[in-house]
Amino acid sequence: MEIQLREMLHRAKAVNKITMKKSIKIIAIISFLLTCSIDEKGLPIMVTLLIYSFVSIQEIVYYGHLHNILWEGLIYLPLVIGTIIVFFNAKKYKERYLQVFCFISLLMTSIPLTGCLDIDRYNHIKLDFIIPLSVFIISSLVLIILTFRDQK
């Protein structure tokens with residue numbers, strides 16, 4: 001009887017840890033997608049990716065002169081979506097380095113998508129940029145630390 005109770009308690013802790021990791025992943029992904037740019041418009045990354053994809057499809061269909069946004073839409077959208085999917089599906093201890101790589105690549109992708117490369121825009125930094133990006137970074141680091149502690 002005591003052994004069964006210990007097993008049930010161990011299973012409950014494992015399920016609780018899995019749901020906690022899933023919720024942290026969802027928080028990290030949503031905060032990444034809601035990080036706003038630091039330009040005048042301040043669009044979130046999610047909206048920027050939708051605009052890039054719409055303009056790139058429009059330029060392909062209505063063959064006109066090609067802009068740089070065509071390549072940004074064709075490159076960023078599949079890479080960001082694929083990285084988010086891999087980041088969300090990395091569950092085991094074996095995939096901990098893949099999770100770190102996805103975090104680094106999402107963080108590096110947020111730099112051009114938010115306009116952080118333009119030094120003149122630094123005076124436009126607002127809380128809608130700082131809060132979601134810091135939530136993304138903190139939740140991802142907590143998730144990575146929890147994954148490295150599992151050791152199973």
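All values derive from a computational prediction rather than experimental measurement.
- Hydrophobic clustering of Ile, Leu, Val, Met, Phe, Trp and Tyr side chains at less than 4.5 Å, counting indirect connections, unites Ile104 with Leu117.
- The two residues Asn89 and Glu95 have their closest heavy-atom pair at O-OE1, 3.7 Å.
- Judged as a side chain to side chain donor-acceptor pair (under 3.5 Å), the pairs with a partner in residues 26-37 (not counting sequence neighbours) are, in order, Ser37-Asp39.
- Exactly one of Ile84, Leu77, Thr83, Leu79 qualifies for a side-chain contact (heavy atoms from CB on, under 4.5 Å) with Ile81. That residue is Leu77.
- Evaluation of the ring pair (Phe, Tyr, Trp, His ring centres under 6.0 Å) rule for Phe129 yields no partner, not counting sequence neighbours.
- Residues that satisfy the ring pair (Phe, Tyr, Trp, His ring centres under 6.0 Å) test with Tyr97, not counting sequence neighbours, are Phe148.
- Tracing side-chain contacts under 4.5 Å through hydrophobic residues (I, L, V, M, F, W, Y), one never reaches Ile30 starting from Val86; they form parts of separate clusters.
- Here Leu43 pairs with Lys41, Val47, Thr48, Ile51 under the side chain to side chain contact (heavy atoms under 4.5 Å, CB included) rule; sequence neighbours left out.
- By the 4.5 Å heavy-atom criterion applied to side chains, Ile75 and Tyr52 are not counted as neighbours.
- Cluster partners of Phe101, using a side-chain heavy-atom cutoff of under 4.5 Å among ILVMFWY residues and allowing indirect links: none.
- By the side chain to side chain contact (heavy atoms under 4.5 Å, CB included) test, Asp128 pairs with Cys36, Lys126, sequence neighbours left out.
- Pairs passing the side chain to side chain donor-acceptor pair (under 3.5 Å) check and including a residue from residues 134-145, sequence neighbours excluded, do not occur.
- Taking CG from Leu113 and CG from Leu33, the interatomic distance works out to 10.5 Å, rounded to the nearest 0.5 Å.
- Residues satisfying the side chain to side chain contact (heavy atoms under 4.5 Å, CB included) criterion with Ser110, sequence neighbours excluded, are Phe32, Ile45, Leu107, Leu133.
- Listed by chain and residue number, nothing satisfies the salt bridge (Lys or Arg N to Asp or Glu O under 4.0 Å) test with Lys25 (two or more places apart in sequence, or in another chain).
- Residues Phe87 and Leu143 meet the side-chain proximity criterion, which asks for heavy atoms closer than 4.5 Å.
- Cluster membership for Ile29 and Leu50, using ILVMFWY side-chain heavy atoms within less than 4.5 angstrom, is not shared.
- Looking only at side-chain heavy atoms (C-beta outward), Val100 and Arg96 stay at 4.5 Å or farther from each other.
- Other members of the cluster containing Leu127 are Ile27, Ile131, Val135, with ILVMFWY side chains joined at under 4.5 Å, either directly or via other members.
- In this structure, Phe103 is not a member of the same hydrophobic cluster as Ile145, with clusters built from ILVMFWY side-chain heavy atoms closer than 4.5 Å.
- For Ile130, the side chain to side chain contact (heavy atoms under 4.5 Å, CB included) partners two or more places apart in sequence, or in a different chain, are Ile125.
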